Amino acid sequence: MNLQVFNRLTRQKEDFKPLVEGQVKMYVCGPTVYDHAHLGHAKTYVAFDVIVRYLRYLGYKVRYVQNITDVGHLLDTGEDRILKKAGALSLEPMEVVETYTHSYFDDMDALGVVRPDISPRASGHVPEQITMTQGLIEKKHAYVTREGDVYFDVTTFPEYGKLSGQNLDELVGGKRVEVAEGKRHAADFALWRHAEPEHLMQWDSPWGRGFPGWHIECSAMAARYLGETFDIHGGGLENRFPHNECEIAQSEALTGKPFANYWLLTGSLTVDGVKMSKSLGNFVTIKDALKIYQPEALRLFILSSHYSSPVDYSDAALKATQSGWERLMGAVRLVRYTRQNASEGDAAAGFEAVLDEHKARFAAAMDDDFNAPAAIGVLYDLNREVNTLLNSGETIGRPILDSIEQVYHKLGGDVLGIIPDEITETGTDAARQDGLIRFLIEMRADARARKDFAAADNIRNRLVDLGVMLEDRADGTVYKLQ
RNA sequence: GGCGACGUAGCCAAGUGGUAAGGCAGAGGUCUGCAAAACCUCCAUUCACCGGUUCGAAUCCGGUCGUCGCCUCCA
């Protein structure tokens, strides 16, 4: 079976055919770095992470570009969100950008999200954005106002609205947007804005000092690194209009070619049914969530719903997922443990057929528009088979255990990122270690009180082997770590 | 008001024409010194509701109700 994807542009499931056989060029709208990332970001980027991982698993050579927005993204008050933050913290705008870019990558690394191949910054691609804007003016798709703003003229692009199903006539009302000075049409959007002298991020342009509009960066950077037409454009569903729509309009008006062939958009993460967002204040940062839950459990939670569906966050749902994940890991742990002392030979080799069947079902699920929830179901089915085998009392040869481990490694690890190669136990921390050592010291004290010195010495010697030195004092026993 | 989704067991969730995956929780059982873990069995005659198409509908069509997203910054 071949990979099929639901293309938001055509609203149908289509066979996936990249422009160049064996290669995939993919762009995903990245974050605006003015604050720490929250679980909503985690949902989007974990979803695309698995899409990229699966494409690579299938053998595609993927170039994954995800931008960092560090300029031009304005609040509805007209303030630049990064400048606002910089003002509040008395920092250079680029200090804000650095801080939250690092924070974002730290969070993504912690979640096991594979880094994009290119993470271009908007501020580093102003010349490209200016060139593109000039091209649009030359082609009469954009106009310059007296103030030095440049707007895209939506009436020159009849397909405007094709991604979101919006109709220009219905947008005309502009009832909720105050039409900016100099705009010809309420739906026209800024490619370039003039800057007042006190505005901290500004560049020279043919239209005077200013800064790029928000939408143009994605078009410019996608073209720069992926070409005028590329395979997959991804992002959160909430950016479909106006952001994605504007990207299409700019790029296609300029090149006359399709911008992206497949549009994959992710559903939002909600809390009590309402979208998690900065503006609503109902967000949980990734850092806070990782204090409570294993990163793999968070990924599993996100991947338990299809990428295009919304996910509702709650502690109860996360806890249920964590329980399920721990059961999954129980079998993985048992396989690894059994493997240590397994003998060579083909005992239980018949299980190979079970593995093949589950691998095929897993691939069939993922081939169907990256259906991770169904693929996870297959993993649970396999888990039951593995547990049954390992608890059957049969001898199991090392080769088959290696094969099982390989399946976990590839499907659960490489593709979904929910089964780590090394299992770090929850709460393996200094406090727990200290408690365990103290407990052993107590057991040794009991043994000494019974004059069972063999047992007491055994405890002490075993601890020494583990690098824990005991010292008896008049008032008790202390330990130090080597 | 316009555009777009969604409504499947106590909870989460897959399934888009052929007779309801999987997970969590729960009940019973096997195993076990006791636990834990694991496994087995049970847990939706039914997919918001009402009509229609069809040999056959959770899936297609029409309507009703409800929830959400976008239309204004958001992944």
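The figures here come from the full heavy-atom set of this structure, side chains too, leaving out hydrogens, waters and symmetry mates. In this text the structure is predicted, and so the values were computed from the model without any measurement. Chain letters run A, B, ... following the sequence lines, proteins first and then strands; every chain starts at 1.
Applying the side-chain hydrogen bond (donor to acceptor under 3.5 Å, both in side chains) test between A:Tyr307 and each of A:Thr266, A:Asn371, A:Thr44, A:Asp369 identifies A:Asp369 as the sole match. A side-chain contact (heavy atoms from CB on, under 4.5 Å) with A:Val386 holds for exactly one of A:Leu382, A:Leu389, A:Thr388; it is A:Leu382.
Residue A:Ser164 is classed as a sugar-phosphate contact, given heavy-atom separations below 4.0 Å to backbone atoms only. Heavy atoms of A:Gly330 sit nowhere under 4.0 angstrom from any nucleic acid atom. At a threshold of 4.0 angstrom between heavy atoms, the contacts of A:Leu269 include nucleobase atoms, whether or not backbone atoms are also involved. Contacts of A:Gly30 with the nucleic acid, taken as non-hydrogen atoms under 4.0 Å apart, involve only primed sugar atoms and P, OP1 or OP2. When heavy atoms are screened at a 4.0 angstrom cut-off, A:Tyr45 is found touching the sugar-phosphate backbone but no base atom. Across all strands shown, A:Pro373 has heavy atoms under 4.0 Å from base atoms, whether or not it also approaches the sugar-phosphate.
Between A:Tyr160 atom OH and B:C70 atom P there is a gap of 16 Å when expressed in whole angstrom units. The nearest whole Å value for the distance from the CG atom in A:Leu163 to the P atom in B:C70 is 15 Å. Taking atom CD of A:Glu238 as the reference point, atom P of B:A5 lies 16 Å away to the nearest angstrom. The distance between atom CD1 of A:Ile302 and atom P of B:C12, rounded to the nearest whole Å, is 17 Å. As rounded to whole Å, 15 Å separates atom P of B:A5 from atom NE2 of A:His306. At whole-Å resolution of the value, CD1 in A:Ile51 and C1' in B:A75 are 13 Å apart. Between the NE2 atom of A:His36 and the C1' atom of B:A75 there is a distance of 17 Å, rounded to whole Å. The distance from atom NE2 of A:His358 to atom P of B:A21 is 15 Å, rounded to the nearest whole Å.
For A:Tyr54, the ring-ring contact (aromatic ring centres under 6.0 Å, His included) test picks out A:Tyr57, with sequence neighbours left out. In this structure A:Phe283 satisfies the ring-ring contact (aromatic ring centres under 6.0 Å, His included) test together with A:His38, sequence neighbours excluded. Checked against salt bridge (charged side-chain N to carboxylate O under 4.0 Å, His left out), A:Arg11 has no partners two or more places apart in sequence or in another chain.
If A:Asn391 and A:His243 are placed on RNA chain B by their nearest nucleotide, the residue sitting closer to the 5' end is A:Asn391. Judged by closest nucleotide on RNA chain B, A:Arg11 is the one of A:Leu328 and A:Arg11 placed further toward the 5' end.
B:A9 makes up no base pair with any nucleotide shown, lacking Watson-Crick or G-U wobble contacts both under 3.5 Å. Using N1 to N3 plus N6-O4 or O6-N4 for Watson-Crick, or N1-O2 and O6-N3 for G-U wobble, each under 3.5 Å, B:G69 pairs with B:C3. Under the Watson-Crick and G-U wobble criteria, each requiring two contacts below 3.5 Å, nucleotide B:C49 is paired to B:G63. In this structure, B:G26 and B:C42 make a Watson-Crick or G-U wobble pair, each of the two defining distances being under 3.5 angstrom. B:A57 is unpaired under the criterion used here, namely a Watson-Crick or G-U wobble arrangement in which both key atom distances are under 3.5 Å.
Using cut-offs of 30° and 60° for the angle between ring planes, the A:Phe189 and A:His215 rings count as perpendicular.
If you check the side chains of A:Asp315 and A:Tyr293, you find a donor sitting under 3.5 Å from an acceptor. At a cut-off of 3.5 Å, with distance as the only test, a side-chain donor of A:Asp421 or A:His409 sits close to an acceptor on the other residue.
Taking atom P in both B:A35 and B:A20, the straight-line distance is 38 Å, to the nearest Å. B:G51 and B:G10 have their P atoms separated by 23 Å, with the value rounded to a whole Å. Comparing the C1' positions of B:C71 and B:G15 gives an interatomic distance of 32 Å, to the nearest angstrom. Between B:U19 and B:A25, the distance separating the two P atoms is 30 Å to the nearest Å. Atom C1' of B:G22 sits at a distance of 27 Å from the matching atom of B:G66, rounded to the whole Å. Annotation: B:A13 and B:C24 have their C1' atoms spaced 11 Å apart (nearest Å). Taking atom C1' on both nucleotides, B:C70 is separated from B:C60 by 27 Å, rounded to a whole Å. Distance check on atom C1': B:G62 versus B:A21 gives 31 Å, rounded to whole Å.
When ring centroids are compared, A:Phe259 and A:Phe230 come within the 6.0 Å threshold. Residues A:His233 and A:Tyr262 keep their aromatic ring centres 6.0 Å or farther apart.
Here A:Lys278 does not reach the OP1 or OP2 of B:A75: none of its side-chain N or O atoms lies under 4.0 Å away. Under 4.0 angstrom from either OP1 or OP2 of B:G15 there lies at least one side-chain N or O belonging to A:Asn371.
Checked against B:A75, B:G4, B:A38, the side chain of A:Thr32 finds its nearest nucleotide in B:A75. Comparing B:A75, B:A5, B:A13 by their nearest atom to the side chain of A:Ser305 picks out B:A13. Side-chain proximity of A:Thr388 to the nucleotides B:A75, B:C39, B:A14 is greatest for B:C39. Distance from the side chain of A:Pro242 is smallest to B:C71 among B:C71, B:G2, B:G4. Minimum atom distance to the side chain of A:Gln166 is reached by B:G2, of the listed B:G2, B:G4, B:A14.
The two residues A:Gln129 and A:Pro212 have their closest heavy-atom pair at OE1-CB, 3.2 Å.
Within residues 406-417 of chain A, no residue has any heavy atom closer than 4.0 Å to RNA chain B.
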Review point. What is the per-nucleotide protein-contact pattern of nucleotides 22-29 of chain B, from the 5' end, where B denotes a base atom under 4.0 Å from a protein heavy atom, S denotes such proximity for sugar-phosphate atoms only, and - denotes neither?
Key: SSS-----
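Between the NE2 atom of A:His199 and the CG atom of A:Asp80 there is a distance of 5.0 Å, given to the nearest 0.5 Å.
Residue pairs meeting the salt bridge (charged side-chain N to carboxylate O under 4.0 Å, His left out) criterion with at least one partner in residues 383-398 of chain A, sequence neighbours excluded, are A:Glu344-A:Arg398.
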